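Below is one structure; the comments refer to it alone.
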Amino acid sequence: MDPKMAYDRVFSLLEEHHAWFDSSIPLIASENVTSYAVREALLSDFGHRYAEGWVGERVYAGCRYIDQVEQLAMDLMKDIFRVKHADVRPISGVMANLAVYTAFTQPGDVMMALPITKGGHISMGPLYGKKGTRIGGTAGAVHGLRVEYIAFNDEEFNIDVDRTIKRVEKYKPKLIMFGASEILFPQPIREIAEVAHSLGAHVNYDAAHVAGLIGAGRFQDPLREGADSMTMSTHKTLPGPQHGAVVTNDDEKFELIKQACFPGLLSNHHLNAVAALAVALAELKAFGESYADQIIRNAKALAQALHDQGFKVLGEKRGFTESHQVMVEVADLGGGMWAEKTLEEANIIVNRNLLPWDIKMGRSFIDPGGIRLGTSEVTRLGMKEGDMEEIARFFKRALIDKEDPKKVAKDVAEFRENFRHIHYAFESAKEAYAYIRLR
Ligand SMILES: *Cc1c(COP(=O)(O)O)cnc(C)c1O
């Protein structure tokens with residue numbers, strides 16, 4: 001391969017990607033778009049450096065400014081989540097979870113979490129490969145935990161408290177992981193945590209998806225509802241760089257988390273992302289409440305509009321959603337795989353998703369019965385409730401009327417011309433997917 005051609009090709013593909021997203025409706029619930037201030041921090045020299053260890057106790061020189069930035073990131077984190085301790089070194093949500101597994105469990109211990117079919121994340125998954133292999137989710141395959149499941153009420157789309165308490169008493173887990181990748185409503189933590197604590201378990205809430213909403217005070221408040229620690233990704237509703245963090249109020253438990261992170265799990269910890277996280281946290285502190293309110297209003301409006309257009313939207317009894325997410329059953333229309341591909345052709349970016357009853361119906365993650373939508377990114381682009389109705393009409397044309405998705409894509413691109421800028425940031429004049437050229 002000609003190196004200069006490959007080199008040029010990378011950049012032309014990057015530019016094409018930017019142009020595509022610029023004319024699409026981004027509805028992936030785990031994604032967001034960062035401000036230019038966050039991107040500037042990501043491009044900084046911090047991304048070339050090492051700072052092993054803790055602020056003020058590094059095992060590398062050259063950390064004079066890095067330490068001050070990391071301290072700012074921790075201080076903002078503690079302020080926003082109203083908590084005593086924060087470790088901002090985990091480089092992703094999975095690493096944050098692994099830090100908690102490492103700090104509070106031994107291989108062979110029992111952990112309880114939701115199964116992946118009901119919102120659990122792969123990082124909470126058991127070993128499931130052939131005997132003698134170590135294939136599976138992080139909890140089972142990497143840390144050797146035995147995973148037992150939190151009971152779920154499919155109808156309510158939430159944790160079943162009574163059945164879960166019985167399971168906690170039966171399995172006596174060392175760790176319970178609350179939180180989920182599919183999360184429409186706050187989870188009932190308090191009663192289960194009380195029983196778990198009485199049996200000596202550590203209780204963690206995985207806020208990967210909802211950290212931005214929690215930080216803004218607009219979802220639940222796990223640390224005041226019985227969770228001992230909270231792990232998160234910093235790039236889903238929290239509109240920061242791809243990174244992770246752990247917070248806790250417990251002094252002794254925090255020491256264990258710190259040790260798990262370093263020297264346990266991290267050598268470099270992506271210092272440019274730590275700087276970018278500090279910027280994103282400052283933006284969240286300044287604009288988070290109106291941003292989170294609009295995300296939730298948009299999610300409710302999108303769910304209602306899709307329902308009105310004839311879609312099967314989950315959670316109807318409880319007003320569809322109280323988070324950034326909307327879950328839609330599309331099994332009758334053509335299935336999750338077909339819906340995802342068709343919408344992509346129509347410039348609407350979503351992901352197919354397992355529904356709680358899919359396995360029982362003989363469906364798998366390859367072609368599940370649902371799609372999951374999230375309103376974080378479209379909210380950052382300035383969309384409001386009326387725009388959600390417009391989006392629902394695009395869905396109907398592509399998935400119910402089975403109109404040519406290419407035709408829908410043209411109208412989607414035109415619609416997107418009204419939403420070019422990033423909102424809820426100090427610097428909002430910049431175009432969301434504009435390509436930054438430094439060469
Ligand atoms: C997204 C997610 C994570 C971690 O994701 P990273 O990509 O590693 O940041 C962890 N837990 C849940 C519930 C998630 O949805």
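Keep in mind it's a predicted model, so treat the numbers as computed, not measured. Along the sequence shown, the residues carry numbers beginning at 1. One-based numbering, in listed order, for ligands and for the atoms of each.
Of the protein's non-hydrogen atoms, Ser181 OG, 2.8 Å is the one closest to atom 15 (O) of ligand 1. Scanning the protein for heavy atoms near atom 11 (N) of ligand 1, the closest one is Asp206 OD2, 2.5 Å. Nearest to atom 8 (O) of ligand 1 among the protein's heavy atoms is Val94 N, 2.9 Å. Regarding atom 6 (P) of ligand 1, its nearest protein heavy-atom neighbour is Gly93 N, 3.5 Å.
Only side-chain heavy atoms of His235 come within less than 4.0 Å of ligand 1; its backbone N, CA, C and O stay farther off.
When only modelled atom types and interatomic distance are considered, Asn204 and Thr231 share a side-chain donor-acceptor pair under 3.5 Å. Using modelled atom types, one finds no donor on one side chain facing an acceptor on the other under 3.5 Å when comparing Asn158 with Gln187.
For ligand 1, one of its N or O atoms has an N or O atom of Ser92 under 3.5 Å away. Annotation: Ala180 places no N or O atom under 3.5 Å from an N or O atom of ligand 1; distance criterion only.
At least one cation-pi condition fails for Arg318 and Phe157: the charged atom is not both under 6.0 angstrom from the six-membered ring centre and inside a 45 degree cone around its axis. Because its NZ or CZ atom is both nearer than 6.0 Å to the ring centre of Phe104 and within 45° of the ring axis, Lys253 counts as a cation-pi partner of that residue.
The distance from atom OG1 of Thr164 to atom CD of Glu191, rounded to the nearest 0.5 Å, is 10.5 Å. Atom CD1 of Ile25 sits about 4.5 Å away from atom CD1 of Ile348, to the nearest 0.5 Å.
The distance between the ring centers of His307 and Phe311 does not fall below 6.0 angstrom.
Here atom 1 (C) of ligand 1 lies nearest to Lys236 when heavy atoms of Lys236, His209, Met232, His121 are compared.
Of all atoms in ligand 1, listed by their number and element, those nearer than 4.0 Å to a heavy atom of Ser233 are 3 (C), 4 (C), 5 (O), 6 (P), 9 (O).
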